[in-house]
Amino acid sequence: ALLPILSYPDPRLRTIAKPVKEVDDEIKTLITDMIETMYDAEGIGLAASQVDQHVQLIVMDLSENKDSPMVFINPKVTPLVEEKQPYEEGCLSVPDVYDKVERPNKVRIEAIDENGQVIDKEVEGLLAVCIQHEMDHLNGVIFVDYLSRLKQTRARDKVRKVLKVREKQG
Ligand SMILES: O=C(O)C[C@@H](Cc1ccccc1)C(=O)SCC(=O)c1ccccc1
Ligand SMILES: [Zn+2]
């Protein structure tokens, strides 16, 4: 089922996500719904916080054909390089706002997948940028927090406008 995505500056986006204790049917349904919601919203990632479910769960799909979703449960991300690189980020909770954020572009991801299998890999580039962006969501951080006050104000105004247009479209 499609899930409503919270929009900035909704305070619920600031909630700290709790670890997943058991990958039960409820979590498996949430994973399916988040993947569907991510594709519908044309994103490459989605954190459970964004659909108001405050558990440590991230889905991502960077593939061309949108047919290879990745699931990260209770993820831990460790930078592998000191140097930070700027990357143009967007966010499904801050529609139509794109801006550069500096992050390490090589990280180690430790997590479990939907089958309880251990994931432990080193990634770089957009995958590294996206997983850090999603991890921020689980910690109540939104990419606009890294931008200037002025850009944060503009982002709030932009989101308000986009939501009005969407309401009219029904
Ligand atoms: O809000 C989210 O977490 C999804 C977000 C993930 C993300 C994209 C790009 C950089 C960092 C994190 C999106 O999918 S935004 C929309 C999008 O598909 C996109 C935006 C900019 C660059 C590449 C993709
Ligand atoms: Zn986001």
Side-chain angles (χ1 to χ4, degrees), residues 2-17 20 30-81 83-109 111 119 121-148 151-152 154-163 165-166:
L2 285 183
L3 303 173
I5 296 175
L6 298 177
S7 296
Y8 176 78
D10 192 313
R12 290 172 289 179
L13 285 167
R14 302 303 183 179
T15 311
I16 308 291
V20 171
L30 178 55
I31 289 168
T32 307
D33 291 347
M34 282 176 62
I35 290 170
E36 186 185 338
T37 302
M38 173 180 66
Y39 290 148
D40 178 71
E42 294 177 11
I44 58 173
L46 188 68
S49 316
Q50 295 178 272
V51 290
D52 203 17
Q53 296 297 316
H54 304 290
V55 291
Q56 292 174 16
L57 165 57
I58 290 167
V59 297
M60 284 169 41
D61 187 343
L62 278 66
S63 70
E64 289 300 308
N65 307 335
K66 298 294 165 204
D67 57 1
S68 32
M70 295 175 278
V71 176
F72 300 101
I73 297 171
N74 300 338
K76 183 169 163 263
V77 170
T78 319
L80 295 174
V81 293
E83 197 203 348
K84 298 192 176 181
Q85 310 259 336
Y87 199 97
E88 182 90 356
E89 299 194 12
C91 183
L92 297 176
S93 295
V94 194
D96 293 11
V97 173
Y98 296 91
D99 217 316
K100 283 197 176 11
V101 173
E102 304 231 334
R103 298 182 195 270
N105 80 341
K106 194 166 181 214
V107 300
R108 178 183 180 193
I109 307 175
I119 298 168
K121 57 184 178 184
E122 299 185 358
V123 298
E124 53 190 337
L126 179 54
L127 181 47
V129 168
C130 188
I131 193 73
Q132 292 176 85
H133 175 111
E134 305 307 337
M135 278 303 292
D136 273 354
H137 277 303
L138 300 183
N139 294 316
V141 173
I142 299 169
F143 89 100
V144 295
D145 299 345
Y146 299 104
L147 307 180
S148 67
K151 286 188 171 181
Q152 291 175 19
R154 285 192 182 144
R156 255 196 299 282
D157 295 341
K158 188 72 178 289
V159 172
R160 212 177 288 126
K161 222 171 282 158
V162 169
L163 293 183
V165 167
R166 286 183 184 173

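Here the structure is a predicted model, which is why all the values come from computation and not from measurement. In listed order, ligands and their atoms are each counted from 1.
Between D157 and R160, at least one side-chain N (NZ, or NE/NH1/NH2) sits under 4.0 Å from a carboxylate O, which counts as a salt bridge. Salt bridge D52/R12: present, at least one basic N to carboxylate O contact under 4.0 Å.
No more than 12 heavy atoms of other residues, nucleotides or ligands lie within 6.0 Å of NZ in K161, so this atom counts as exposed by the packing criterion. Counting heavy-atom neighbours within 6.0 Å of E88 CD, excluding the residue itself, gives a total above 12.
There is a protein heavy atom less than 4.0 angstrom from atom 2 (C) of ligand 1.
Under a 4.0 angstrom heavy-atom cut-off, Q50 registers as being in contact with ligand 1. Taking a 4.0 Å cut-off on heavy atoms, E42 registers as neighbouring ligand 1.
Comparing P95, G45, G90 against atom 7 (C) of ligand 1, the shortest heavy-atom distance belongs to G90.
Checked against a 3.5 angstrom limit, the closest N/O atoms of E89 and ligand 1 fall outside it. Residue Y87 places no N or O, backbone or side chain, under 3.5 Å from any N or O of ligand 1. No N or O atom of L126 sits closer than 3.5 Å to an N or O atom of ligand 1. Checked against a 3.5 angstrom limit, the closest N/O atoms of I44 and ligand 1 fall inside it. Between Y98 and ligand 1, a contact under 3.5 Å exists for no N or O pair.
Counting only residues at least two apart or on different chains, the salt bridge (charged side-chain N to carboxylate O under 4.0 Å, His left out) pairs with a member in residues 133-147 are R14-D145, R103-D136.
Near C91, meaning under 4.0 Å from any of its heavy atoms, are these atoms of ligand 1: 1 (O), 15 (S).
When each of L138, L6, L92 is checked for a side-chain contact (heavy atoms from CB on, under 4.5 Å) with Q50, only L92 meets the rule.
Around the Zn ion (ligand 2), the protein N, O or S atoms closer than 2.8 Å are C91 SG, H133 NE2, H137 NE2, listed by chain and residue number.
Considering every non-hydrogen atom in both N105 and V81, the closest pair reads N-CG2, 4.0 Å.
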